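Because the structure is a prediction, the values reported are computed rather than measured. Chain letters run A, B, ... following the sequence lines, proteins first and then strands; every chain starts at 1.
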Amino acid sequence: MAREDILVGLEIGTSKVCAVVAEARRDSTMKILGVGVAQSCGVRKGEIVDFDTAGKCVREALADAEEKSDVEIHQVFLSVTGSHIKSFNKRGAIDISPDQEEIRYADLEEVRTVAGEVSLPQANTFVHTLLQHYYIDGQDGVLNPEGMMGSKLEADYHIVHGVRTRIQNNIRCVRELNIGVDDVVFAPVAAAEVIIDPSQRELGGLVIDLGGGTTGYSVFTEGAIKRSGCIAVGGDHVTNDISLGLRLPMARAERLKVEEGGVLFDGSEDVPYITLKDEAGFVGCEVEREHLNNIIYCRLRETFELVKRDLDEGRILSYLGAGVMLTGGGSLIRGIDQLASEVFGLPVRLTRPETVSGITSHFEDPTLSTAIGVTKYAQSVHAPKQEGWLKSTLRRFKSFGG
Amino acid sequence: MIPLPRLQSAETGEFLIKVVGLGGAGCNVLDRLHRDGQGPWELVAVNTDSQALAVSAAPVKIQAGSGVTRGLGAGGDPEMGAQAAQESVEDLRQALEGAAAVFLCVGLGGGTGSGAAPLLASLAGEREALVVVFATMPFGFEGRRRQAQAEEALEALRQSADVVVCFENDRMASLVEPQSAVQEAFAAVDQTVSQSLRAVVTLLHRRGLVHAGLDELTTVLRSRDARCLFGYGEAAGDNRAHDALELALKCPLLGGGDALSQSASVLISVAGGTGLRLDEVQTLMGEFNRHVSQDTQVLFGAAVDPTMGESLSVTILSSTEIAAPLPVRSSVAAEVRRPAVPLQRTARVSTPRPASPPREEVSESEESETSVAAVGGTDLPVRSPDAVVSEAPAPRPRPDARMGRRPGTEMAGGRREARQEQMQFEPASRGRFDKSEPTIVDGEDLDVPAFLRRTPRR
């Protein structure tokens, strides 16, 4: 198998480190070869706080992925997140000289450069400059202006930026294992790659990734990304709330959340009390279901409201025909779709990574959205790269011989 | 070009500012101010000790009570200080003549400062000048007696001055290394006081792009029993907006920025040289807004001052309520007739009103308090205290502090229990996020369990 067709997406998350090895096909589909997962330590709110421990977890996840996919990993695409990452939209414009016949590729590059000429805070660096739309002489809806004629080319970009050093920390953590990092991807942008399909992007949709340490969101309208962001509140906070509210150890609170947690109050559960059996180092007790649900409800509702507040300014929510798509580990909480629809007033779907082929049922896990999304993003970025004549000739020779 | 006379008069200052240094510590601050450069003010040094006065750099010097003290100091006796000031009351009155704002720098705890300051403040108040007192409280090691004298004087000052900015020396000592010289600690105190004084004066004096002036200042500070929060930061370099804000938020008088989330209104003023950029102001305000709650009224001022050169300065002023009982004045009894429904009052006070009449907040709280006391006799539509508490679904300490309700006033009678219930959640727990970088949105710490901060579902 050709080396460059293998893409590895790595997510150093707050609850787990996850490496996805995928094979990119020429018809722009993707096949997942293996997924390596390791429990994460030393990461808080999506950012590394303990370098050595986090490094060990990454190594473990990568080793696991190598074993499962039977591929040696040298290069990865890395997802980054954290409350320091911000985004905004910016339009760039250039004049096309009248003696020029048509708009060339170089002009597209130039308009991108112009749009990128913004003053970021001193410590920040660009993570993404994502194209939204082109305009030629004010006419919108131009998908690919290359080869068209016009005197003025404009383009809207969605620019994502974050604190340089905090992003570099993630990269360094991987590089110390002698693994190269091709590129970094903002986690919500990555997750959206596999969660929202082009027709839903056209309709308009909001993707919310309820992660362990952070909650990421991205908004699409008219086929392009309009907003993206990250709130440093996630499943960890839910567990912490339960732990403090019910006076349980963290590990027990986490298990209780996963096994029994919900946000419904309709009395659908027959047993109003949950009995926690005593274990080593933990005396058993009874927990009132309503109390537990209330704790989870308060936190998740607040999280959704924070997301909504970030989006409300532009009244963007009224343009989302495809509604809200929830993913990430938090989306496994019972009744969360109802809660989200209560807050956003939109239809809500629970989603899992799609548009990939492979042993699909196994990988259709919402907790893998970001990591799989990273590989998908990697594929979309690398796809337009044209094969050089030398390479293609060589390949033809190879196929001849083989 | 046509000269604009209006602008010119604005630049020379519409009102006269006098800075009075009282007592040894006050005069030290004056010297510091003088040394740090010119300002739009007149410096007046007042002391009982003629020798100390002789070395003062202030152009106007008044020796108070030469008859009582015979040119020596007040000997740490506030009684003596008060007598001395009383003796020279005419001189003092004359010195304050014509000032629209009087800034009084005083070190409390000693004789002259503690004794004469209240009198001086009321003298200035008589002239209807805005009286701002910058008082420093003695170091803990200076002894109990000085501490007690200082407390007493501070209480008196709160009655007679419009604004009391109180600096606790102990807290400011954190600015210097523990092993540094005592001299250095005192110098640091002087410097902080003079810096903040300069910042406030400049704020009043400088015509900004977005002007923040006397009216805003009084809105923020004019409640007599509030603890003043003050932060000042100045930085130069590429990342100066961020650095200056960080410095300002780190100011010992701001309590690490946490206290800001509890205040009803905050004044922030940004000043820079001609190179002050929009994006700098934007970043700065963006960062700053994370530290205040959504309901907080943020009064913003921006000014360009060519003398600032490459540096950028941030001044933050605010006040929080302190738990001191407010003396009830009988004169407000007439207002009681107006029905006071607590919940309505809440709504009104929390909506931002620029430059509201300064006294209103005080009278409102008094009004509600007296009306509660009168519940038994009249049929006013006032909820009983218990009803207020039980109807509030979640005990949230912060909004209450914001509403301008003074916790101290609730101490009376049956309200004691209710107050305890509210304070219960104050030492908020953050669990496993205890040591991680806090996530603060609108002044709310999101790491604190949501169910403690929010209304439960049922």
Taking everything shown except A/Y273 itself, do over 12 heavy atoms lie less than 6.0 Å from its OH? no
Is A/L306 in contact with chain B via its backbone, its side chain, both, or neither, using a 4.5 Å heavy-atom distance? side chain
Flag the pair A/N294 / B/F451 as yes when at least one side-chain heavy-atom distance between them is below 4.5 Å, and no otherwise. no
Part of B/T439 lying under 4.5 Å from any heavy atom of chain A: both
With a sphere of 6.0 Å drawn around CD of A/E288, does it hold more than 12 non-hydrogen atoms of other residues, nucleotides or ligands? yes
For the CG atom of A/L244 and the CG atom of B/L452, what is their distance to the nearest 0.5 Å? 7.5 Å
If you count the non-hydrogen atoms of other residues, nucleotides and ligands that lie under 6.0 Å from CD in A/Q39, is the total more than 12? no
Measure across B/A450 and A/D241 and return the closest heavy-atom pair with its distance rounded to 0.1 Å. N-OD2, 3.3 Å
Heavy-atom cut-off 4.5 Å, strictly under: side chain, backbone, both or neither for A/R299 against chain B? both
In terms of heavy-atom contacts, does NZ of A/K90 have more than 12 from other residues, nucleotides or ligands at under 6.0 Å? yes
Region of A/V49 that comes under 4.5 Å of a non-hydrogen atom in chain B: neither
Worked verdict on A/R44 versus B/D447 for salt bridge (charged side-chain N to carboxylate O under 4.0 Å, His left out): CA-CA 12 Å; A/R44 285 270 181 287; B/D447 294 334; over 6 Å; no
Just so I know, are the side chains of A/Q122 and B/T283 near enough to count as touching, which here means a heavy-atom distance under 4.5 Å? no
For the atom pair CD (B/E280) and OG (A/S119), what is the distance rounded to the nearest 0.5 Å? 9.0 Å
Which heavy-atom pair separates A/E302 from B/L446 by the least distance, and what is that distance? OE1-CD2, 3.6 Å
